[in-house]
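As structure tokens, the structure follows; a few thoughts come after it.
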Amino acid sequence: MDDGRLRARYPRRMKIATFNINGIKARLPRLVEWLEQKAPDVACLQEIKTSDETFPIAEIEAAGYGAIWHGQKGFNGVAILAKGAQPVERRKGLPDDPDPSHSRYIEAEVNGVVVASIYLPNGNPAPGPKFDYKLAWFDRLIDHAADLWAGEMPVVLAGDYNVIPTPSTDDVFSERAMASDALTQPESRAAFRRLCNAGWTDAVRTIHPHGPVYTFWDYQAGAWQRDAGFRIDHLMLSPAAADRLTGAGVDKDTRALEKASDHAPTWITLR
DNA sequence: ATGCCCTCTAAAAGAGGA
């Protein structure tokens, strides 16, 4: 086997991104540009907001990506794209979901890595049934993460967790402004800590231990212009994946474009 | 205190987002 084929099978570096695109149909030109410019090896998408039948697979394949998706008409919806490869689907939805009508989880194997694309419920208003649903969903994710932990392969749990991990301005422009929001509630943060304490590594914060690393800026009230953002898109790594972590970042330039999503793509590199 | 804005679907005096 020549070196080129070896590199294709065992790439020396793998870039894995998560991107809540807020509507894949409205965002398709931005998505294709981003794939061509940033060339992630794997892209986990959330809020594709389209049914399975209307997923724009032709355009994504034309950009050089294979894909699997778990769609839903109008809301939610997740996908996993792989550059020059077909992600091998492992599951759609979490185990034991009492309400499988929400399309919020899809999991695949790509190049020897298990990758999940996660759209955790927002949970507003808190308290209330939507907040209860968020916490219950998070508990099921943590249970499933324990099962993945027991497997052989490195695991990356990537997505929009809808949790601001800490009150620090490193994670949120104003804790006070967000005090009543489901994203900052003690129960939301406790669930996120349970995942961390189970041994999962918050990749972005590991690479950038200090300073703001926002991933979301609201469309309203000039949030982008005044950098009123927060950090809710996370890539959580199993030990085998964390051992290979070499870099992480946020594609802030993508948020500045016309017709941008309110989230920015967030990524890691693994050796 | 509330809404600011955006996308979806339906065709709204709307729902949902974060």
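Side chains included, hydrogens not; waters and symmetry mates left out as well; all remaining heavy atoms used. All values reported here derive from a predicted model rather than from experimental measurement.
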With sugar-phosphate meaning primed atoms plus P, OP1 and OP2, does A:Asn76 contact a base, only sugar-phosphate, or nothing at under 4.0 Å between heavy atoms?
nothing
Provide the distance between the two P atoms, one in B:dC6 and one in B:dA10, to the nearest whole Å.
23 Å
Would you find a donor on one side and an acceptor on the other, under 3.5 Å apart, between the side chain of A:Thr215 and the backbone of A:Arg231?
no
Protein-to-nucleotide contact annotation, 5' to 3' order, nucleotides 5-12 of chain B [B base; S sugar-phosphate only; - none; under 4.0 Å, heavy atom]:
BSSSS---
Atom CG of A:Asp160 to atom C1' of B:dG16: distance rounded to whole Å?
14 Å
A:Tyr65: which residues meet the ring pair (Phe, Tyr, Trp, His ring centres under 6.0 Å) condition with it, sequence neighbours left out?
none
Could you tell me whether A:Asn20 contacts a base, only the sugar-phosphate backbone, or nothing, with contacts defined as non-hydrogen atoms closer than 4.0 Å?
sugar-phosphate
How far does the C1' atom of B:dT2 sit from the matching atom of B:dA18, given to the nearest Å?
16 Å
P atoms of B:dA12 and B:dA1, separation to the nearest Å:
34 Å
If the P atom of B:dG16 is compared with that of B:dA11, how far apart are they to the nearest Å?
15 Å
Over 12 foreign heavy atoms within 6.0 Å of NZ, A:Lys73:
no
Is A:Asp262 touching bases, backbone alone, or none of the nucleic acid, heavy atoms closer than 4.0 Å?
nothing
Once Watson-Crick and G-U wobble pairs under 3.5 Å are found, how is DNA chain B written in dot-bracket notation, 5' to 3', with | for any base paired to another strand?
....((((.....)))).
If you take the centroid of each ring, where Trp contributes its six-membered ring, are A:His102 and A:Tyr133 closer together than 6.0 Å?
yes
Pairwise C1' distance for B:dC4 and B:dT9, with rounding to whole Å
23 Å
Which whole-number value in Å describes the distance from A:Phe131 CZ to B:dG16 P?
18 Å
How about A:Ser117 and A:Gln46: does a side-chain donor come under 3.5 Å of a side-chain acceptor?
yes
Assign B:dA13 to syn or anti; the rule is syn for a glycosidic angle within 90° of 0 and anti otherwise.
syn
